[in-house]
Structures are given as structure tokens and as C-alpha cells.
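Position 1 is the first residue of the sequence, and the numbers go up from there. Below, all heavy atoms of this structure are taken into account, side chains as well, without hydrogens, waters or symmetry copies.
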Amino acid sequence: MNFSYYIAKRYLFSPGSSNAINIITGIAASGVVIGAMALFLVLSGFAGLKDFSLQFSTYFDPDLKIFPTSGKTFTFDASQKNKLKQLQGVAHFSEIVEERVVLEFRDKQKLSFIKGVDENYNKVIQTDSIVVYGDWLTNNDFQVVAGNGISRELSMGVEQTYTNLLGIYVLKPGKGILSAKDPSKAFRTQKAVNIGIYSVNEELDKKYVFSTIGLARKLLELPATKVTHIELKLTPDGNEQLVISGLQSIFGDEVMIKNRIQLNDALYKMLNTENLVSYLVITLIAIIALFNVAGAIIMMIIDKKTNVKTLYNMGASLPNIRKIFLFQGLLMTILGTLLGLFLGFVLIVLQQQFGLLMITASLPYPTRITIMSFIVVFLTITIIGCIASLLASSRINQKLIA
């Protein structure tokens with residue numbers, strides 16, 4: 001066994017000559033444990049919070065979405081449709097027609113967006129996961145599914161008959177000033193019955209009312225070859241980059257393509273920034289705690305000064321003596337980190353099973369355990385501990401052992 005490592009292990013697990021040394025060592029070791037545990041809890045908490053914040057995207061946003069590079073619509077003809085059906089990696093696709101509208105139900109109005117979708121939409125998006133009341137669209141062009149927020153603002157429920165209709169208004173294209181005598185002439189109008197209510201998140205629940213693509217095209221007077229978007233679901237083994245290249249060859253420069261992360265770019269950036277800031281703050285606290293290790297090693301050097309002189313006189317070199325206290329600090333750091341990770345893991349499991357910390361009465365704080373969290377915590381704490389131990393052990397010089 002390595003001489004320096006053997007002595008370091010003996011020093012670490014044997015009590016010092018005074019209670020003060022033992023207390024300082026215990027505080028330093030506790031700081032390592034608490035620092036590792038706190039950093040693991042923060043990383044696991046943010047991983048869970050990120051999943052929770054983005055969970056709507058897993059069943060509302062498509063794998064890929066095609067937008068026009070200019071204007072509101074682009075052409076999607078029969079030839080392009082056949083090529084898209086044959087494109088390797090694409091499982092399903094849905095044509096979308098989307099536009100800002102005014103909704104009117106009884107005596108209430110609201111600005112919103114109509115999103116006209118075809119019969120393949122429920123193959124691209126998990127519509128059964130978002131509908132909370134009523135049913136999803138059928139092929140009837142006089143049906144809509146409204147968001148929960150829209151439903152509340154308009155006091156509109158799921159209608160069983162066609163007696164209470166939702167009015168959908170969209171401005172006619174053109175220039176000029178609206179007529180004060182009859183402003184209704186500036187709008188195209190369609191009536192529909194709300195057959196379902198969906199819920200995703202507060203923002204989307206207030207934004208969209210879904211309709212068939214036929215209703216949306218009638219309202220906007222769009223030809224069958226025009227769409228505002230196309231949403232795609234990829235096969236499990238589909239290569240995203242190859243699919244994007246294939247789409248560019250089909251549509252050329254007429255379109256731009258975004259994946260799920262790009263569709264939620266602002267939210268991803270915000271969550272990643274918050275995660276990084278929290279990591280840096282906890283790491284700073286861990287640095288302060290871990291430099292207690294340096295203090296404990298220095299106190300141990302003073303306490304073992306007589307032993308160090310004896311080892312030197314017996315033939316131990318100065319570098320080997322420094323390694324004794326370097327290894328002692330590393331052992332303290334590594335063992336403390338492993339214990340901290342274990343305690344953090346136990347707390348996260350308890351949170352997932354019993355909801356120790358609740359956001360609301362029915363919603364526990366989300367957490368997720370990842371291998372990367374273990375790796376990041378272990379490397380962060382051990383690297384800082386190694387630096388602290390190296391600085392402390394370098395205090396041993398010829399003057400000390402003379």
C-alpha cells in the first residue's frame with residue numbers, strides 16, 4: 001500500500017490530540033456532506049421543474065413544425081403531399097390553418113386564434129391528453145373545441161345542441177377605414193358549436209379555439225392548397241436532421257422548420273439560465289464550506305507536527321509528507337461527497353413518494369434524478385476539495401520539519 005495514503009487514512013479515522021482539532025475536522029467534513037447534498041437537491045429540483053414546465057410540449061407541440069418564410073400561408077399541393085408521405089422518418093403530418101379571430105358567445109367577446117386542423121391532427125398530437133370535457137373534433141365543420149381559459153371568459157360550456165352557437169369573426173383583407181355605419185361588413189363570420197374543452201397551460205388555454213380545417217378555410221376563404229403551418233410527428237427511429245433536409249428539398253426556401261426545442265426557445269433559455277445561476281450560487285457556498293477542509297488540514301498539520309518530524313527523520317521525503325495531508329483532504333472530500341449524494345438521493349426519493357414539499361395542496365414540488373446530477377456534483381465538490389487540500393498541504397516546508 002502507498003505509504004502516504006496509508007498514513008493519511010490513519011490520520012483521518014483516528015482522533016486528534018485535542019477536542020478542538022476533532023471539532024474543526026467534524027465541521028469541515030459536515031460542510032462537504034451538506035454542500036454535496038444541497039447541490040444534488042438543487043440540480044434534481046431544477047431537472048424536475050424543467051420537466052414540469054415543459055410537459056405540455058410533449059403532447060401539444062409536434063416534433064417538427066413548418067412555417068412560411070414570408071407571409072401567413074404557403075402552398076402545399078398534391079405533389080408535395082405525396083412526397084411528404086414518402087419521406088423516410090415521418091410518421092404522420094397534419095395541415096394547419098391558423099388566424100387571429102374575434103369570438104362572440106351570447107353577449108361576451110374575446111380576441112383569440114382559430115386553429116383549423118385536419119383529421120390527422122390527433123395522430124400528430126395527443127389530443128386525448130388535453131381534452132378535459134366533452135369530445136374532440138369530428139369531420140363536422142360546425143364544431144369547435146375551446147380552451148379552458150376561453151371557456152371561462154366567455155362563460156361557455158360544452159353545448160349538447162345547436163341552440164347556443166359561438167360566433168367567429170375575422171377581418172377581411174384589404175385597405176381602408178372601417179365603416180362606422182356598418183362595421184360588421186369588415187368581418188367574415190362563421191357560427192359553430194363548442195363540443196369540448198381542452199387544457200394545456202394558462203397561456204395556451206386562453207389562446208386557441210380548435211376547428212376543422214374546413215371551417216377555418218371557409219372563414220378565411222383559403223383554397224385547399226394553402227396552409228399556414230404543417231405539423232409533423234417523426235417515427236421512433238427517425239433522424240431529425242435527415243427529415244429536415246428532406247423537407248427543404250420538397251418545399252425549398254418557401255418554408256422554415258423548427259423542432260420542439262426551437263418552438264419553446266425562450267422558455268428553454270429561461271429555465272437553463274435559472275439552473276445555471278442556482279448551480280453557481282450553491283457552488284459558491286460549497287467553495288466556502290470546502291475551504292474549511294483546508295483549515296482542518298492546516299490544524300491537523302500543526303497537531304501532527306511532532307509525528308511529521310519523526311517521519312522525516314525516518315527517511316520520508318518532503319513531497320511524501322505533503323501527500324499525506326493531500327490524501328487526507330481528498331479522502332475527507334470524496335467520502336463526504338458520497339455521503340452527501342446518498343442523503344440527497346434519499347431526500348429526493350422521499351419527496352417523490354410522499355411529497356415532503358408541496359407547491360399547492362395537491363401538487364408536490366417536481367423532482368427528477370439523473371445520472372448527470374451525480375456526475376456534476378461529484379466532480380464539482382471533489383475538484384474544489386482537491387484544490388483546497390493542495391493549498392493546505394503546500395504549507396508543509398523545510399522550516400516546519402526542521
Side-chain angles (χ1 to χ4, degrees), residues 60-102 112-125 127 137-145 168-176 186-190 192 204 207-235 238-265:
F60 188 81
D61 288 329
D63 294 329
L64 292 175
K65 190 170 184 177
I66 305 175
F67 297 80
T69 52
S70 62
K72 292 184 177 181
T73 63
F74 62 96
T75 301
F76 186 44
D77 57 31
S79 173
Q80 292 170 319
K81 192 177 295 187
N82 288 331
K83 290 178 181 178
L84 185 53
K85 287 179 181 178
Q86 296 170 10
L87 185 61
Q88 188 174 3
V90 176
H92 304 284
F93 65 88
S94 175
E95 301 175 50
I96 308 294
V97 172
E98 185 177 317
E99 183 56 275
R100 184 183 293 272
V101 295
V102 177
S112 182
F113 283 84
I114 188 170
K115 186 167 183 175
V117 300
D118 63 16
E119 64 276 5
N120 291 326
Y121 187 72
N122 59 4
K123 298 176 182 177
V124 177
I125 301 299
T127 55
L137 301 168
T138 64
N139 291 326
N140 190 331
D141 284 347
F142 295 96
Q143 296 176 344
V144 295
V145 174
I168 307 172
Y169 301 86
V170 65
L171 275 171
K172 295 178 181 178
K175 300 180 180 179
F187 291 89
R188 297 195 192 98
T189 306
Q190 290 288 335
L204 292 173
K207 184 175 181 179
Y208 288 116
V209 57
F210 285 94
S211 75
T212 62
I213 197 168
L215 173 60
R217 282 188 170 132
K218 287 177 187 176
L219 186 65
L220 300 173
E221 294 185 356
L222 281 179
T225 57
K226 291 290 184 179
V227 295
T228 58
H229 309 102
I230 300 174
E231 298 188 1
L232 299 93
K233 181 179 179 62
L234 304 184
T235 58
N239 186 300
E240 184 179 285
Q241 291 304 317
L242 290 178
V243 172
I244 290 175
S245 297
L247 293 173
Q248 293 289 1
S249 67
I250 295 172
F251 295 98
D253 297 332
E254 189 180 1
V255 302
M256 58 180 176
I257 303 156
K258 293 185 178 182
N259 59 24
R260 186 173 291 158
I261 293 177
Q262 292 167 331
L263 291 170
N264 298 281
D265 186 52

query = Looking at side-chain heavy atoms only, is the closest gap between Leu263 and Phe67 below 4.5 Å?
reply = yes

message = I want to check something: taking the side chain as every heavy atom from C-beta on, are Val90 and Val243 in contact at a cut-off of under 4.5 Å?
response = yes

query = Minimum heavy-atom separation for Thr73 to Pro68, with atom names?
reply = O-CB, 3.8 Å

inquiry  = Can you confirm whether the side chains of Thr138 and Gln143 place a donor and an acceptor under 3.5 Å from each other?
reply    = yes

message = Just so I know, are the side chains of Val101 and Leu219 near enough to count as touching, which here means a heavy-atom distance under 4.5 Å?
response = yes

ask   = Do you know the tightest heavy-atom contact between Val97 and Thr228?
value = CA-OG1, 3.3 Å

ask   = Do the two ring centres, one from Phe210 and one from Tyr121, sit under 6.0 Å apart?
value = yes

Beyond-backbone contact of Asn264 with Asp61, side-chain heavy atoms, under 4.5 angstrom = yes

Side-chain heavy atoms of Lys65 within contact of Leu232, under 4.5 Å = no

query = Is NZ or CZ of Lys85 both nearer than 6.0 Å to the six-membered ring centre of Phe93 and within 45° of the ring axis?
reply = no

ask   = Under 4.5 Å between any side-chain heavy atoms of Phe76 and Leu84, yes or no?
value = yes

task = Before accepting this row, confirm whether a basic side-chain N of the pair Glu231/Lys115 lies closer than 4.0 Å to the acidic partner's carboxylate O.
result = yes

Other residues, nucleotides, ligands: >12 heavy atoms within 6.0 Å of Glu240 CD = yes

